[in-house]
Structure formats: structure tokens, C-alpha cells
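Quick notes on the structure that follows.
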Number of protein chains: 2
Amino acid sequence: MTKQPRLADVARAAGVSTATASMALNDTGGTRIGSQTRDRVRAAAAELGYRPNTVARGLRTRRTQMIGFIGDDVATTPFAGQMIRGAHDAAREAGFLLLMVDTSGDHDETGEAIAALQERQIDGILLATMYHQVIEVPKAIGSTPHVLLDARTADGSSSAVVPDERGGTLSVLSELTGAGHVRIGHVTTREDVQARAIRLETWRERVTASGIDPDELLVEVDHATTPLGYEGAKRLLDRDDRPTAIFCFNDRMAMGVYRAAAELGLAIPADLSVVSYDDQDLIAPALSPGLTSAALPHYAMGQWAVKELLRRLDEPDAEPVQHHMPCPVSRRSSVAPR
Amino acid sequence: MTKQPRLADVARAAGVSTATASMALNDTGGTRIGSQTRDRVRAAAAELGYRPNTVARGLRTRRTQMIGFIGDDVATTPFAGQMIRGAHDAAREAGFLLLMVDTSGDHDETGEAIAALQERQIDGILLATMYHQVIEVPKAIGSTPHVLLDARTADGSSSAVVPDERGGTLSVLSELTGAGHVRIGHVTTREDVQARAIRLETWRERVTASGIDPDELLVEVDHATTPLGYEGAKRLLDRDDRPTAIFCFNDRMAMGVYRAAAELGLAIPADLSVVSYDDQDLIAPALSPGLTSAALPHYAMGQWAVKELLRRLDEPDAEPVQHHMPCPVSRRSSVAPR
DNA sequence: TTCCAAGGGTTAATCGATTAACCAATACGA
DNA sequence: TCGTATTGGTTAATCGATTAACCCTTGGAA
């Protein structure tokens with residue numbers, strides 16, 4: 001117990017060379033190792049509690065079994081955890097570990113992060129942003145295999161996975177139309193993110209299709225926060241031709257909508273149905289009544305990204321893939337027939 | 001650009017041996033390297049875009065500049081992000097990176113996680129739990145330097161940092177007493193966590209000190225969720241001798257308390273003052289009125305833990321330190337004079 | 001009998017740094 | 001005029017694996 005045993009110790013204990021020990025433990029070298037020899041080596045390794053030094057192995061094999069995870073702003077968003085967890089689980093299953101770097105969105109810092117990871121000889125990089133962004137891959141990444149997470153390039157030159165915002169929006173809207181709603185309002189943010197653009201456009205299409213002018217039912221505010229959601233909802237609801245249902249950009253805004261409805265004496269869902277996006281754990285099930293919301297599949301995206309990365313490790317020349325991950329709806333009690 | 005340059009390439013370009021190049025770049029070896037030689041080597045390195053291979057370096061120096069972060073359940077709690085971020089920032093500042101492993105609280109898995117990290121020759125380990133727990137350090141950790149994060153051992157044999165729950169509770173309670181409140185209720189959970197025990201006991205002391213029987217003003221429910229917070233608050237508020245203020249175990253329960261108050265026609269803070277613990281970003285500022293809450297200093301704890309770990313890397317025999325991190329109060333609008 | 005192939009290992013080179021041990025030349029004090 | 005530091009390097013060993021290149025038996029086939 002004084003020192004970690006090395007491969008040489010195992011070899012000595014089994015009475016073979018380190019080459020044989022290595023091959024026996026790793027099942028390499030084809031038929032060169034007899035089965036009783038292999039068992040002897042394995043037994044010796046188990047006996048000594050041998051654990052390979054992956055640093056030494058990595059130096060020789062040029063593989064570290066580590067994946068770099070570069071996150072835009074890991075801390076401040078509650079989604080990051082799920083994304084990391086999904087990536088982590090898929091990685092661990094394949095014997096990989098995640099080496100994390102958080103950049104605060106700073107572009108220089110991203111370059112530095114990439115360099116720091118490359119110095120450590122990671123096998124590949126996951127480039128994650130929060131909130132579905134269209135980015136350029138920093139040239140510092142060179143030929144390091146990589147996959148984009150909740151982000152993509154404009155030209156699709158890197159493998160990437162993003163939520164299927166359009167599908168999610170359609171699903172959650174059909175919760176409303178299925179209940180007979182036609183005048184469906186939308187409370188959203190003015191921030192320039194993909195999520196906003198896609199949700200807005202999809203809603204617009206859908207409402208237009210039922211012969212209604214979307215601009216009458218749209219409210220935009222500066223940020224996707226609860227207080228501004230409240231204000232937006234007030235503007236939308238405090239009039240005679242108010243919508244019978246509201247689709248909110250996200251749960252935080254929906255929380256404000258709930259408050260506005262309460263103040264105006266509108267019961268949810270009897271007087272007003274509400275649906276939303278993000279399905280945040282701290283909000284959607286906590287509101288009363290529970291909020292029907294389309295979930296962002298962060299866990300699944302993290303998983304997918306690692307699997308795709310591992311695939312690219314094996315076939316570096318594979319065509320990049322753009323994946324749209326479905327956004328399942330969590331149905332709760334905020335929708336009632338019109 | 002075909003291959004990453006090695007130290008040998010830099011040495012050749014500068015016309016020196018690799019030993020000299022190494023010393024010149026790392027400022028080691030005292031006065032042995034002349035200043036013009038050093039400059040020549042540095043220039044060559046910069047010219048070639050040389051980046052040291054830390055795997056090779058790690059093999060020789062037995063230092064990888066990586067810290068293992070073992071998290072109890074990184075994903076599901078929104079606090080984890082802040083903790084990771086604090087640790088990450090402190091680590092990065094010192095040239096370290098975080099290697100993450102998430103265990104789902106499974107004890108075997110923790111042993112496996114430790115082994116996986118040790119195989120990779122991490123320099124030290126951060127053992128983090130969510131929600132301040134008293135744990136035993138797995139023996140698998142052996143002599144690897146480690147620090148406990150939001151956790152501690154019963155005997156204080158490992159360095160550890162936990163929130164100062166007692167101090168935070170006192171601070172947030174004096175928000176109420178300072179406003180003249182005496183009959184302060186407490187809505188808490190029955191779950192067996194340190195946070196509950198300390199907050200409860202501290203509240204009990206304080207209330208008893210002002211001559212009131214705490215048991216009259218205490219409500220316990222099975223879990224610290226919003227719906228149960230709501231039920232608990234109903235029980236506490238729906239009677240004549242109701243308290244004038246409530247201290248909630250956490251923000252999620254406080255969210256339920258808000259709802260109960262609204263239903264009973266009690267205005268916050270005019271008719272009822274509310275304070276809480278956790279200061280969760282998605283809740284405390286989002287409620288109306290904003291909720292005064294004691295913050296869990298996760299970022300600071302993460303930072304502290306890394307600094308302490310780095311210290312122990314230098315002085316392995318230093319006495320273990322138990323640190324209680326202050327919980328600052330975020331004062332908002334949920335407290336009014338009695 | 002002679003050779004070749006297959007089976008089962010071993011030897012030694014290698015990955016890319018760091019660093020202990022050594023060495024040559026100059027300076028300096030006695 | 002020596003002996004001894006001091007300055008400014010170089011050589012070679014080392015970290016702990018993996019793996020290409022050999023090597024020795026034994027069993028058959030020619």
C-alpha cells in the first residue's frame with residue numbers, strides 16, 4: 001500500500017514480461033497470449049489492485065479518454081446541469097471523462113479554453129452554448145474532433161444538435177387548438193436568440209392559418225423575465241378582445257402571466273389557458289395550476305453530442321450531422337376547452 | 001501546421017538542447033540559462049506556436065494540473081452550477097482544470113469515480129454533496145488530497161466547507177425581529193438534512209428567547225416543495241392566533257406560502273412578512289413582492305474548496321480546516337414592520 | 001531429413017517532456 | 001600559478017505504459 005503498483009509489478013508477480021502483461025490485460029495482440037497466462041496476469045493484477053496509469057498510456061497511445069466540454073456560461077443557467085449530465089453519462093459509459101471549461105461567453109477566452117484542453121490532449125471537444133445559437137467555430141480548434149451542443153454553424157460544417165423548437169412550438173400550440181382555442185396570444189422577448197425567432201415565427205404561421213392577424217395578439221418586451229412577462233400579459237389581457245389562450249416564450253414569463261391573470265380576476269385555465277416553453281423544474285410544476293410546457297431536451301442533447309463525437313473519433317471523415325432533438329410536451333393543468 | 005511542434009522542435013530552432021529549452025520556458029534551473037538564450041528559446045516557441053504536451057509532462061512530474069470534482073447529483077440541483085463555477089474559476093486561475101464525475105449518490109459509484117480519477121492521476125479531489133451532508137470519506141480515496149464541499153465528516157478529519165446555516169438563519173430572522181415581529185412561524189420539511197436541523201434549531205432558540213412556545217408556530221411537511229409549502233402555510237395561517245411573519249425552510253416552500261397567503265386574503269408584506277433561505281434566482285426575485293432570503297454561498301464555497309485543496313497540495317500535512325461560509329441576506333420587499 | 005508456419009512469448013524502441021549528473025570555459029582569490 | 005567557484009550549458013536517465021520487431025519451440029507437410 002506504499003506505492004501504486006505499476007504494470008512491471010504485475011508482470012513480475014505473474015512471471016512474465018510487461019509486454020505480455022499489457023497484452024493480457026488489454027486483450028490485444030491476437031492469439032499471442034495463452035489463456036492460462038492471461039488468467040495468471042489478471043489474477044496478479046487483481047491481487048495487487050493494479051490500476052493502469054492513464055497518463056503513461058495516453059502518452060503512448062495519444063488517447064486520453066477525456067472529452068473537453070466548453071460551456072458558454074455553465075453556472076447561470078439551470079439547463080446547463082442537464083446538458084452536462086447527459087454528456088457525462090454517455091461519456092462515462094464509453095469510459096470517457098469530461099474536462100470542463102467555462103467561458104463567460106468571451107471569445108478570446110474560448111480560444112484560450114480550446115488551447116488549454118488541447119494541451120491536455122483531450123480526444124475531442126464539445127462546444128456548448130446556452131440557448132441555441134448560431135456561431136462560428138474558433139479556428140483554434142484546428143483539426144480537433146468536435147460537436148456543437150445547443151448551437152450550430154451557419155453552413156452546417158460541424159456536427160451539431162439543437163432543440164427542435166419548431167416541433168415543440170407546434171406541439172404545445174396544438175394543446176391549445178385541440179381544446180378549441182383560436183385567439184392565441186404570444187408574449188415574448190425582444191432578445192435576439194434563435195429560440196425567440198423560431199417560436200415566434202411558428203406561432204405566427206399557426207395563428208395566421210386560422211385567419212387571425214397575429215400582430216393583434218403579440219406582445220414583445222425587452223427581456224424574458226417574470227416581471228416583464230407580467231407587464232406584457234397585462235397589456236395583452238386588459239382589453240375586451242383579449243385572447244382566450246396565451247403561448248409564452250418561456251416559463252419565467254409565464255410566471256408573470258399567471259400573476260397578471262390573477263390580478264385581473266381571470267382564472268387559469270377556466271378563463272385563460274396558458275402554455276409555455278422550457279418546462280423548468282422550479283417553475284412549471286410549482287405554479288398553480290401546473291403549467292403545460294414544451295421541454296428543452298438538454299439531457300438528450302448532451303447524450304447525443306457525446307455519441308456523435310465518439311463516432312467521429314472513429315471515423316474522422318464522416319459527414320457532419322445536424323440533429324434536431326424533439327421537445328416533448330409536459331402536459332399539466334393550465335389548458336381547458338374554450 | 002501538419003503536426004504540433006514538440007519541445008525538440010523548439011530546441012532545434014533555437015539551436016539548444018531540449019534540456020535548455022525546457023528550463024528556458026519554465027524558468028527552472030536557477031541561473032543556468034543566459035538571458036539572451038532564454039529569449040531566443042521563447043521566441044522560437046512563440047514562432048512555432050509551441051504548446052507543451054501536458055500528458056508527457058504529467059508523466060514525468062506526476063502532476064497533471066487537473067482536479068477531480070465528484071458531485072453527488074450535479075444535474076438536478078440548480079446550486080451545483082454555482083459551486084462548479086466557483087471551483088472552476090479558482091482552479092483555472094491557478095492553471096488547473098476540473099475533471100467531472102457525477103455519481104447519483106450511489107456509494108459504489110463514488111468508489112468507482114474515485115478510481116477513475118486516480119487512474120488519470122488527478123492532483124486532488126473535490127468531494128461535493130448537495131445540501132450540506134455529514135458523510136464518511138470513502139477509503140478508496142487513500143492518500144489523495146481532498147476537500148469536502150457542502151459536506152463534512154463527523155470527526156473533522158478532512159478539510160471541508162459548509163454554509164453557515166446558523167448565521168444565515170440568525171440574519172434573516174433579525175430582518176423580522178428588527179421590524180418588530182415576535183410571533184414568527186416556521187414552515188419546514190421533515191427530510192433529514194443538516195440544513196433543516198440547523199435552521200429549525202436556530203429558529204427555535206430565537207423564538208423561545210422572546211418567550212414564545214415554538215411548537216405552536218411550527219409546521220412540518222414531508223418534502224420541501226411548493227405544493228407542500230402551500231399546505232403547511234394554510235395550516236399555520238388559517239387560524240386566529242396566526243403568526244405575523246413566517247420563516248420558510250426554502251424558497252420553493254415560500255412560493256407555496258405566497259399562494260396560501262393570497263388565497264386567505266393576506267397581503268405580503270402588509271399582513272404577513274415572509275423570509276426564506278436559498279435565494280434561488282428563479283424564485284426569490286421572481287415572486288411579487290420580491291422575497292427576502294438568505295443566500296447559500298455556493299460560488300464562494302467552490303472557490304474556497306479549490307484554494308484549500310491547492311494549499312494542501314503544497315503542504316500535505318497541514319491540519320484539516322473546517323470552514324463555515326457566511327450566508328448573506330438578499331433583502332427584498334417581503335418584510336414590513338409589524 | 002528439411003522447412004515452414006503457427007503458437008506464445010520477449011526485447012527494446014517509443015510517446016514528449018523534466019531533471020540529475022556531468023562538463024567546459026572563464027573569473028577570481030590566494 | 002594553481003585551485004576553486006561560477007556561468008551556461010549538454011547528456012542521458014526517467015516517468016509507465018504500448019507495440020513493432022524478433023526469437024524459440026513444436027508439429028506437420030514436402
Side-chain angles (χ1 to χ4, degrees), chain A residues 2-42 44-45 48-66 95 116 118-123, chain B residues 2-42 44-45 48-66 95 116 118-123:
Chain A
T2 39
K3 267 299 207 265
Q4 287 293 319
R6 302 172 307 148
L7 183 60
D9 299 322
V10 174
R12 190 172 325 112
V16 299
S17 69
T18 62
T20 301
S22 172
M23 291 167 158
L25 292 174
N26 299 312
D27 268 333
T28 49
T31 73
R32 320 234 299 243
I33 307 300
S35 63
Q36 69 281 10
T37 304
R38 189 180 57 229
D39 293 348
R40 200 149 31 87
V41 172
R42 296 242 164 116
L48 293 172
Y50 170 71
R51 285 282 183 169
N53 180 327
T54 59
V55 172
R57 170 184 289 166
L59 178 57
R60 181 66 228 251
T61 62
R62 311 173 144 294
R63 284 256 185 159
T64 53
Q65 305 282 107
M66 295 192 301
Q118 285 171 334
E119 278 183 21
R120 279 158 176 100
Q121 313 294 121
I122 40 80
D123 296 334
Chain B
T2 39
K3 266 298 205 264
Q4 287 292 316
R6 300 172 310 146
L7 183 60
D9 300 322
V10 174
R12 190 174 323 113
V16 297
S17 69
T18 63
T20 301
S22 172
M23 290 168 159
L25 292 175
N26 298 312
D27 268 332
T28 49
T31 72
R32 322 237 295 246
I33 308 300
S35 62
Q36 69 281 8
T37 305
R38 190 180 56 230
D39 293 348
R40 199 147 33 85
V41 172
R42 296 246 165 113
L48 295 171
Y50 170 72
R51 285 281 182 170
N53 180 326
T54 60
V55 172
R57 169 184 290 168
L59 178 57
R60 181 68 229 250
T61 62
R62 308 172 146 297
R63 284 253 184 163
T64 52
Q65 305 282 106
M66 296 192 302
Q118 285 171 336
E119 278 183 22
R120 281 158 175 99
Q121 312 295 120
I122 40 79
D123 296 334

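Residue numbering restarts at 1 for every chain, and letters A, B, ... go by the order of the sequence lines.
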Which nucleotide in the set C:dT11, C:dG8, C:dT14 lies at the smallest distance from any side-chain heavy atom of A:Arg32?
C:dG8
Send over the distance from A:Met23 CE to D:dT19 P, rounded to a whole Å.
8 Å
Relative to the 5' end of DNA chain C, which residue comes earlier, B:Pro5 or A:Arg38, by the nucleotide with the nearest heavy atom?
A:Arg38
Between B:Arg120 (CZ) and D:dA17 (C1'), how many Å, whole number?
15 Å
Is the backbone N or O of A:Arg63 less than 3.5 Å from a side-chain atom of A:Asp123, with the two atoms forming a donor-acceptor pair by type?
no
Looking only at non-hydrogen atoms, find the nearest pair between A:Ala56 and B:Leu59 and report the distance.
CB-CD1, 3.6 Å
Under 4.0 angstrom, heavy atoms only, what part of the nucleic acid is A:Leu7 near: base, sugar-phosphate, or nothing?
base
D:dG16, OP1 or OP2 - any side-chain N/O from A:Thr18 closer than 4.0 Å?
no
Within the 4.0 Å heavy-atom criterion, would you say B:Ser17 contacts the bases, only the backbone, or no part of the nucleic acid?
base
If I take atom CG in residue A:Asn26 and atom C1' in nucleotide D:dG16, what distance separates them, rounded to the nearest angstrom?
13 Å
Report the residue (A:Ala19 or A:Leu59) whose heavy-atom-nearest nucleotide on DNA chain D is the more 5′ of the two.
A:Leu59
Listed nucleotide nearest any side-chain atom of A:Arg62, set C:dG16, D:dT18, C:dT11
C:dG16
Check whether any side-chain nitrogen or oxygen of A:Asn53 sits under 4.0 Å from OP1 or OP2 of D:dC15, and answer yes or no.
no
dist A:Thr54:OG1 -> B:Gln118:CD (nearest 0.5 Å) comes out at 11.0 Å
Options D:dA17, C:dA17, D:dT10, nucleotide nearest the side-chain atoms of B:Thr20
D:dT10
Send over the distance from A:Arg51 CZ to D:dG16 C1', rounded to a whole Å.
17 Å
Could you tell me the separation between the CG atom of A:Leu48 and the P atom of D:dG16, rounded to a whole number of Å?
15 Å
Could you tell me whether A:Thr37 contacts a base, only the sugar-phosphate backbone, or nothing, with contacts defined as non-hydrogen atoms closer than 4.0 Å?
sugar-phosphate
Taken to the nearest 0.5 Å, the spacing of A:Arg120 CZ from B:Asn53 CG works out to 11.0 Å
For a quick test of reading the model: is some side-chain N or O of A:Arg57 closer than 4.0 Å to OP1 or OP2 of D:dT18?
yes
From CD of A:Gln4 across to P of D:dG16 the rounded distance in Å is 11 Å
So, does B:Ser22 get its side chain near the phosphate of C:dT18, meaning an N or O under 4.0 Å from OP1 or OP2?
yes
Rounded to whole Å, how long is the line connecting atom CD1 of B:Ile33 with atom C1' of D:dT6?
14 Å
Quick one: is C:dA17 close enough that its OP1 or OP2 comes under 4.0 Å of any side-chain N or O from B:Tyr50?
yes
Output the single nucleotide from C:dT14, D:dA13, D:dT11 whose closest atom is nearest the side chain of A:Arg60.
C:dT14
Grab the CZ-C1' distance between A:Arg63 and C:dG16 for me, whole Å please.
19 Å
Sugar-phosphate, base or nothing in reach of A:Val55, heavy atoms under 4.0 Å
nothing
So does A:Asp9 pair up with A:Arg12, basic N to acidic O under 4.0 Å?
yes
Could you grab the distance from atom CZ of A:Arg51 to atom CD of B:Gln121, nearest 0.5 Å is fine?
12.0 Å
